[in-house]
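Everything below concerns the one structure shown next.
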Protein chains: 2
Amino acid sequence: MGRMTLDVSLDLSVDVVELTRQLIDIESVSLDEQAIADAVEAALRPHGHLEVIRHGNTVVARTMLGRGERVIIAGHLDTVPVNGNLPARLEDGILHGLGSVDMKGGVAVQLKLAAALSEPVRDVTYVFYDAEEIAAVHNGLGKLGAERPDLLEAEFAILMEPSNAVVEAGCQGTMRIEITTVGERAHTARSWMGVNAIHAAADILTRLQGYVPRKPVIDGLEYHEGLNAVFINGGVAGNVLPDECVVTVNYRYAPDRSEQEAAAFLRDFFVGYAVVVVDSSPGALPGLSLPAAKAFLDAVGGVANPKFGWTDVSRFSALGVPAVNFGPGDPLLAHKQEEHVPVEQIERCEQQLTRWLTPGLTEGGVA
Amino acid sequence: MGRMTLDVSLDLSVDVVELTRQLIDIESVSLDEQAIADAVEAALRPHGHLEVIRHGNTVVARTMLGRGERVIIAGHLDTVPVNGNLPARLEDGILHGLGSVDMKGGVAVQLKLAAALSEPVRDVTYVFYDAEEIAAVHNGLGKLGAERPDLLEAEFAILMEPSNAVVEAGCQGTMRIEITTVGERAHTARSWMGVNAIHAAADILTRLQGYVPRKPVIDGLEYHEGLNAVFINGGVAGNVLPDECVVTVNYRYAPDRSEQEAAAFLRDFFVGYAVVVVDSSPGALPGLSLPAAKAFLDAVGGVANPKFGWTDVSRFSALGVPAVNFGPGDPLLAHKQEEHVPVEQIERCEQQLTRWLTPGLTEGGVA
């Protein structure tokens, strides 16, 4: 965005940890991903077994081996803003720095696999996209899905979002609603002339306190819903009975519910009030019963957890592609100043995905 | 304030309604009272029976007859901002315009009495003060009390605030407090990791809903307390459990309670929460059992109502001077664009106060 683009390059022959370090040191805050996208593209172009497509600051690289099955391995190139946490620093087996968790370790794994695996058992589409950390309208995966859906055709997708190197399947949906109580203004010195809209919100907050979360089990994974007021605002002046109070509620719901079902639940829960939906993103079913997912799960140790947060797996789900999160790093450290990742997790992700994609390899085969 | 001061003058020989019209047409928004204060001072100076003292834009005029009793008749010269409601307009016995209610009708009555009554049965101090409609720090009556308390010595005071020409005695106190609930932030996708401070406010609002107002009878007047949330604010982000919610509550309390007792009541009512007092003004007892007040009440028809709102009578009360509100105009129309007053009320106030201050006059004596 007007700043000089530095000439940066990536060396895919180094190990996955050193490659993560190189990626961290290429600053790539959302909307400023040209340098890192250029470096990724330049590093992949020499590999003859890959078709490389550039789409804005998103880079797609894919094998075209005519396998009976195609999988996607995707990760975003951008980070949240720099916060005194660059350059990368490796200390006692822990790599520190902006993006170490979210999610340059995962991107390094993608790059290593793309370069190394010239004949994977499944065709692979590697997607490196921009602008995941900001408003959805900028999201590179979203744009690709809208403009080049052919590039996202696959049986299964892995999103390398941090999940402590354990499969997190599906994702919960999120819906934000507003409920407004209405009163009648009056001077507080003559309060019996009016109706206090803030007092009327007691009922809404009491219902929220009494909410018991649903915890459905889907494909063996226990989800955990949540219903929370995230904002409350009311008041006109220090001597006036307020005539309006707005409670904003965020509902996080398990992926066995559609957006329509989520909205119906909320209308029922808040019966007597007008429920206005202000924001909605559907969940994604884990899809762990599908053959490609089963094979993947076996290759990575057979353990999966539910994903509570909303991630771009839902975008794949909307395209009809079942997807899971699987990447190095603790998601609770994402976006934190002190973000850091055990290098063991990065290495383990690389090994397990290599095993999944390489014929005849057994446990530890690439260790 | 930098604008040209127009040469305006008042003619005290016209009737009280015409004088009100003249006063309305001298624009006197708070902090811009020099022109009207000049006109009031100039109109009073020629009357030899008055000692006239100028104090900023406050004008004091008083008889010095050595009567055994002194009373104050006070009114403020300023208005709220102009709102397309100037100049004054008289139509079908109703005078319209900014300040017609709050409170140039009352000021006209003061001026007429001051000029006409050279030998009242009680010594009278007429106070015309500035800056009542804005922050208390500017209040001309407050400044006079602080800098020239000798000018406010009296047995009884009448504040000519609009009260439909019926005595409103005492005034309720007002106290504003903040109560803060505390929670613990967490991502809404994992809400069981945190504590929602907005939900915790349900208890506070439920207590407010259950509040039963006290209605003590003092000097025969029934007061009516009120306890109302006037603001509520909480929320961090659309996907974060809020860790704080602040409820601002306004307590209007009858004048048999001191500020200390009001605060104690609130601490008890909200037991379990820290109550932070952010604003407080004490009430004022009606004082109708005092001889000067009784004589006044008899002269104006014997009827008094409690004053629910807070007015400057409380300033007199703090100086040890019992005070009542008594002035033309409906207080519910004060500060409204369409403010207007029946001229009959202005005339009645003038007649009744004249009767109270004039020896030997009987009902209708000045009609």
Side-chain angles (χ1 to χ4, degrees), chain A residues 171-172 174 176 181 183 186-194 196-211 213 224-242 245-252 278-279 307-311 331-332 334-335, chain B residues 171-174 176 181 183 186-194 196-211 213 224-242 245-252 278-279 307-311 331-332 334:
Chain A
C171 80
Q172 298 201 127
T174 176
R176 201 153 45 228
T181 58
H187 197 289
T188 50
R190 297 174 207 90
S191 50
W192 57 93
M193 307 282 283
N196 193 313
I198 292 177
H199 296 189
D203 173 48
I204 293 169
L205 301 188
T206 301
R207 291 192 202 186
L208 284 166
Q209 279 193 312
Y211 168 76
H224 192 148
E225 299 194 339
L227 188 64
N228 279 278
V230 288
F231 292 107
I232 186 166
N233 285 295
V236 175
N239 60 354
V240 175
L241 259 71
C245 181
V246 180
V247 185
T248 307
V249 174
N250 184 206
Y251 178 38
R252 298 283 174 151
V278 291
D279 188 50
K307 182 71 177 175
F308 298 119
W310 194 93
T311 76
L332 295 178
H335 302 192
Chain B
C171 81
Q172 299 203 127
T174 176
R176 201 152 46 227
T181 57
H187 197 290
T188 50
R190 296 174 210 91
S191 51
W192 56 95
M193 307 281 283
N196 194 314
I198 293 177
H199 296 190
D203 173 47
I204 293 169
L205 302 187
T206 301
R207 291 192 202 186
L208 284 166
Q209 279 192 313
Y211 167 78
H224 192 148
E225 300 195 339
L227 187 65
N228 278 279
V230 289
F231 293 106
I232 186 166
N233 284 294
V236 175
N239 60 354
V240 174
L241 259 71
C245 181
V246 180
V247 185
T248 307
V249 174
N250 185 206
Y251 178 38
R252 299 285 174 150
V278 292
D279 188 49
K307 183 71 178 176
F308 299 119
W310 194 92
T311 77
L332 295 178

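Remember, predicted model here, so these are calculated numbers, not experimental data.
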### Message
Quick check: do B:L332 and A:H187 have side-chain heavy atoms less than 4.5 Å from each other?
### Response
no
### Query
Tell me, do A:N239 and B:R252 make a side-chain contact under 4.5 Å, heavy atoms counted?
yes
### Query
Checking heavy atoms, do the side chain of B:T188, its backbone, both or neither come under 4.5 Å from chain A?
both
### Task
Classify the ring geometry between B:H224 and A:W192 as parallel (under 30°), tilted (30 to 60°) or perpendicular (over 60°).
parallel
### Residue among A:N250, A:T174, A:V278 with most heavy-atom pairs under 4.5 Å to chain B
A:N250
## Note on the structure
In terms of heavy-atom pairs under 4.5 Å with chain B, the winner among A:A229, A:P213, A:A200, A:C171 is A:A229
### Pairs of heavy atoms under 4.5 Å with chain A: top-ranked of B:G226, B:S191, B:G234
B:G234
### Query
What option among B:G238, B:G235, B:A202 has the most heavy-atom pairs under 4.5 Å with chain A?
B:G238
### Message
Using heavy-atom distances under 4.5 Å, tell me whether A:L227 contacts chain B through its side chain, its backbone, both, or neither.
### Response
backbone
### Query
Given the options B:V236, B:D203, B:D279, B:L208, which has more heavy-atom pairs under 4.5 Å with chain A than any of the others?
B:L208
### Query
Considering all heavy atoms of both residues, which atom of B:V230 and which atom of A:I198 are nearest to each other, and what is their separation?
C-CD1, 3.8 Å
### Task
Considering only heavy atoms and a distance below 4.5 Å, find which of B:A201, B:A237, B:P242 pairs most often with chain A.
B:A237
### Message
At a 4.5 Å cut-off on heavy atoms, which part of A:T206 comes close to chain B: side chain, backbone, both, or neither?
### Response
both
### Nearest heavy atoms of B:H199 and A:L205, plus distance in Å
O-CB, 4.3 Å
